[in-house]
Amino acid sequence: MSFPKGFLWGGATAANQLEGAWNEDGKGVSISDISTGGSAKQSKRFTPVFEEGTYYPSHVAIDHYHRYKEDIKLFAEMGFKVYRFSINWTRIYPTGFEDEPNEKGLAFYDDLIDECNKYNIEPLITLCHYEIPFEIVKKYKGFASRETIDLFMKYATTVFERYKGKVKYWLTFNEINNGTNPVGGPLALGVLGDTENASEFIHPVNDDPEVRFQALHHTFVASALAVIIGHQIDPNFKIGCMQIMATSYALTPDPKDQILNQQHNHIMNWFCSDVQCRGAYPRYMNRYFKEHNINIKMLPGDTEILRDGHVDFYTCSYYMSFCQTTHDNREEVAGNMMGGTANPYLKASDWGWQIDPIGLRYALNEIYDRYQMPIMVVENGLGAYDEKGEDGMVHDTYRIDYLRQHIEQMKEAVEDGVDLIGYTSWGCIDLVSASTGEYAKRYGYIYVNKFDDGSGDFSRERKESFYWYKKVIETNGEDLTDVDTTDLRP
Ligand code: BG6
């Protein structure tokens with residue numbers, strides 16, 4: 001069993017979680033910039049009015065804006081073939097409403113892309129990774145208003161034109177299906193129920209499913225238009241969708257659990273990718289909309305846009321799995337942007353996410369059976385507390401175990417016949433957590449000396465996993481064994 005030749009190994013990040021420099025060089029405020037720090041126990045908050053003395057992690061993050069050269073060099077040292085990052089919409093159009101783009105923002109991504117290309121690292125760019133301009137949130141409730149489609153298209157067209165010839169792979173919206181959850185309303189769609197008062201991240205106030213699903217519709221149209229126009233601008237572009245894939249099993253063989261699980265999968269795991277990959281709304285949504293009193297307003301022409309703007313490839317994040325049950329004796333567990341029923345066969349991470357490498361093989365087969373499109377896993381990894389050992393290095397063998405097991409299962413999926421073309425593990429360099437705003441939840445191969453109490457000098461250090469992943473890439477995933485770090489101490 002082996003990975004195909006040319007397999008795209010790399011890592012993934014998002015602008016709001018690593019760049020910092022939140023108001024430098026003309027950058028505007030995004031939805032993530034009004035989000036406070038939090039922890040596993042204390043939910044983050046969105047504060048539409050900045051609170052004096054409150055900590056906003058995206059404002060400095062890991063200062064990548066000033067250190068990107070050092071970071072890309074470290075990625076190159078690991079042998080990255082691809083680097084997934086997002087362009088922060090608010091660096092290009094600070095409020096979203098300007099007629100002309102911000103040249104300094106464009107120049108930053110020119111430099112970043114050139115730096116990747118210098119090392120033959122293929123850029124994989126997410127157009128919108130939880131970074132909708134806050135002015136659009138205030139004026140239009142993000143994608144709840146149709147006008148936002150045009151604002152997004154202005155931005156997408158600007159960056160497509162600017163970076164054509166240097167970038168081939170694009171993703172439209174990060175974890176678009178997060179919009180099927182209340183928690184995804186503000187982050188993924190810009191739908192914030194109250195734009196004057198603070199709102200909890202976990203339970204956003206005034207969540208209105210009809211508004212959210214309408215916003216999702218506009219996001220689908222925007223994504224499809226980006227695919228259509230992107231292909232016109234550069235026929236070599238490959239433009240993909242990006243979903244949260246959280247494998248879901250029925251907890252018991254009770255047929256009621258099976259149906260519940262199927263319904264959950266329809267809404268959470270398949271609805272958005274069915275629209276984006278097949279180019280049309282799936283029929284099971286008719287019943288869901290009817291039973292939830294949701295009326296979606298579509299304009300003439302939307303059906304054709306969705307049909308013509310289906311994506312070129314499918315991508316997803318994969319961290320954990322859940323169960324579904326109709327039975328009462330269920331134990332609730334946490335997970336990426338949502339919770340579910342615990343699986344007694346699995347163990348959880350320090351943040352309670354249930355680790356399930358086989359669930360990744362299962363998911364990849366399901367996805368490929370459904371769409372027969374190339375697939376990339378563009379997020380996967382273990383958020384963990386890291387401590388330096390006596391030799392000064394972080395020996396993150398738990399992370400290596402997690403990654404190894406998932407890579408083994410990807411290999412199985414390739415052997416099953418899945419057209420898997422790449423893998424970018426999440427947070428290849430430690431960054432700020434999306435759900436809790438912490439530095440303490442680390443994913444990286446590269447340790448960043450920055451801590452939740454504000455201390456730290458942002459310096460970067462290689463962890464044990466850095467050397468391990470380098471070997472994995474060098475051998476195209478053949479050698480997943482441990483590395484000896486004796487001679488590699490800092
Ligand atoms: C995904 C997001 O939800 O998971 C990332 O696309 C996020 O932005 C990642 O960071 C891991 O989640 P967390 O909450 O541990 O940062």
Side-chain angles (χ1 to χ4, degrees), residues 11-19 30-33 35-44 57-58 61-62 64 84-89 124-132 171-189 200-202 240-246 268-269 272 315-322 333-340 348-355 360 376-386 399 402-403 406 423-444 448 450 452:
T13 63
N16 74 87
Q17 292 171 258
L18 93 162
E19 284 179 3
S30 81
I31 181 76
S32 285
D33 294 327
S35 166
T36 69
S39 69
K41 296 194 181 78
Q42 176 68 49
S43 176
K44 301 196 310 181
S58 73
I62 60 157
H64 174 77
R84 173 180 175 229
F85 59 92
S86 68
I87 292 181
N88 200 325
W89 185 345
L124 164 60
I125 298 184
T126 317
L127 289 172
C128 191
H129 191 130
Y130 301 155
E131 285 139 3
I132 296 176
L171 304 176
T172 54
F173 292 92
N174 181 65
E175 296 191 335
I176 191 169
N177 55 336
N178 196 11
T180 62
N181 289 316
V183 88
L187 264 193
L189 307 169
E200 269 209 350
F201 172 77
I202 299 293
C241 63
M242 198 294 193
Q243 317 285 332
I244 298 179
M245 172 46 77
M268 188 57 224
N269 283 330
C272 296
T315 80
C316 63
S317 59
Y318 180 86
Y319 293 93
M320 37 26 68
S321 67
F322 293 121
V333 280
N336 182 18
M337 301 290 166
M338 64 189 127
S349 76
D350 288 340
W351 274 260
W353 298 14
Q354 292 208 310
I355 301 170
L360 176 56
M376 276 196 218
V377 175
V378 295
E379 286 188 30
N380 171 242
L382 181 69
Y385 295 105
D386 286 344
R399 181 167 296 111
Y402 176 101
L403 294 165
H406 285 79
Y423 175 72
T424 58
S425 59
W426 176 250
C428 42
I429 180 165
D430 291 347
L431 37 63
V432 171
S433 156
S435 58
T436 67
E438 294 165 292
Y439 289 109
K441 191 179 188 189
R442 295 173 183 271
Y443 285 88
V448 176
K450 186 68 190 163
D452 291 311

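Heavy atoms only: backbone and side chains are in, while hydrogens, waters and symmetry mates are out. Atoms within a ligand are numbered from 1 in the order they appear, just like the ligands themselves.
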Non-hydrogen side-chain atoms of [X] and [Y] separated by less than 4.5 Å:
X      : Y      : answer
Leu171 : Leu124 : yes
Val183 : Asn178 : yes
His129 : Phe173 : no

Check each N or O atom of ligand 1 against all protein N or O atoms and list the pairs under 3.5 Å, with atom names and distances to 0.1 Å, one per line.
residue: ligand 1; atom: 3 (O); partner: Glu175; partner atom: OE1; Å: 2.7
residue: ligand 1; atom: 3 (O); partner: Glu175; partner atom: OE2; Å: 3.0
residue: ligand 1; atom: 3 (O); partner: Asn336; partner atom: OD1; Å: 2.8
residue: ligand 1; atom: 3 (O); partner: Asn336; partner atom: ND2; Å: 3.3
residue: ligand 1; atom: 4 (O); partner: Tyr319; partner atom: OH; Å: 3.4
residue: ligand 1; atom: 4 (O); partner: Glu379; partner atom: OE1; Å: 3.1
residue: ligand 1; atom: 6 (O); partner: His129; partner atom: NE2; Å: 3.2
residue: ligand 1; atom: 6 (O); partner: Asn174; partner atom: ND2; Å: 3.0
residue: ligand 1; atom: 6 (O); partner: Glu379; partner atom: OE1; Å: 3.2
residue: ligand 1; atom: 6 (O); partner: Glu379; partner atom: OE2; Å: 2.7
residue: ligand 1; atom: 8 (O); partner: Gln17; partner atom: OE1; Å: 2.6
residue: ligand 1; atom: 8 (O); partner: His129; partner atom: NE2; Å: 2.8
residue: ligand 1; atom: 10 (O); partner: Gln17; partner atom: NE2; Å: 2.9
residue: ligand 1; atom: 10 (O); partner: Trp426; partner atom: NE1; Å: 3.2
residue: ligand 1; atom: 14 (O); partner: Ser433; partner atom: OG; Å: 3.3
residue: ligand 1; atom: 14 (O); partner: Ser435; partner atom: N; Å: 2.9
residue: ligand 1; atom: 14 (O); partner: Ser435; partner atom: OG; Å: 2.5
residue: ligand 1; atom: 15 (O); partner: Lys441; partner atom: NZ; Å: 2.7
residue: ligand 1; atom: 15 (O); partner: Tyr443; partner atom: OH; Å: 2.5
residue: ligand 1; atom: 16 (O); partner: Ser433; partner atom: OG; Å: 3.2
residue: ligand 1; atom: 16 (O); partner: Ala434; partner atom: N; Å: 2.7

- Query: Once you round to the nearest 0.5 Å, how far does CZ of Arg84 lie from CE of Met242?
  - Reply: 4.0 Å
- Tyr318 vs His406 aromatic rings, parallel, tilted or perpendicular, using cut-offs 30° and 60°? tilted
- Item | Short side-chain donor-acceptor distance under 3.5 Å, Thr315 and Gln243 | no
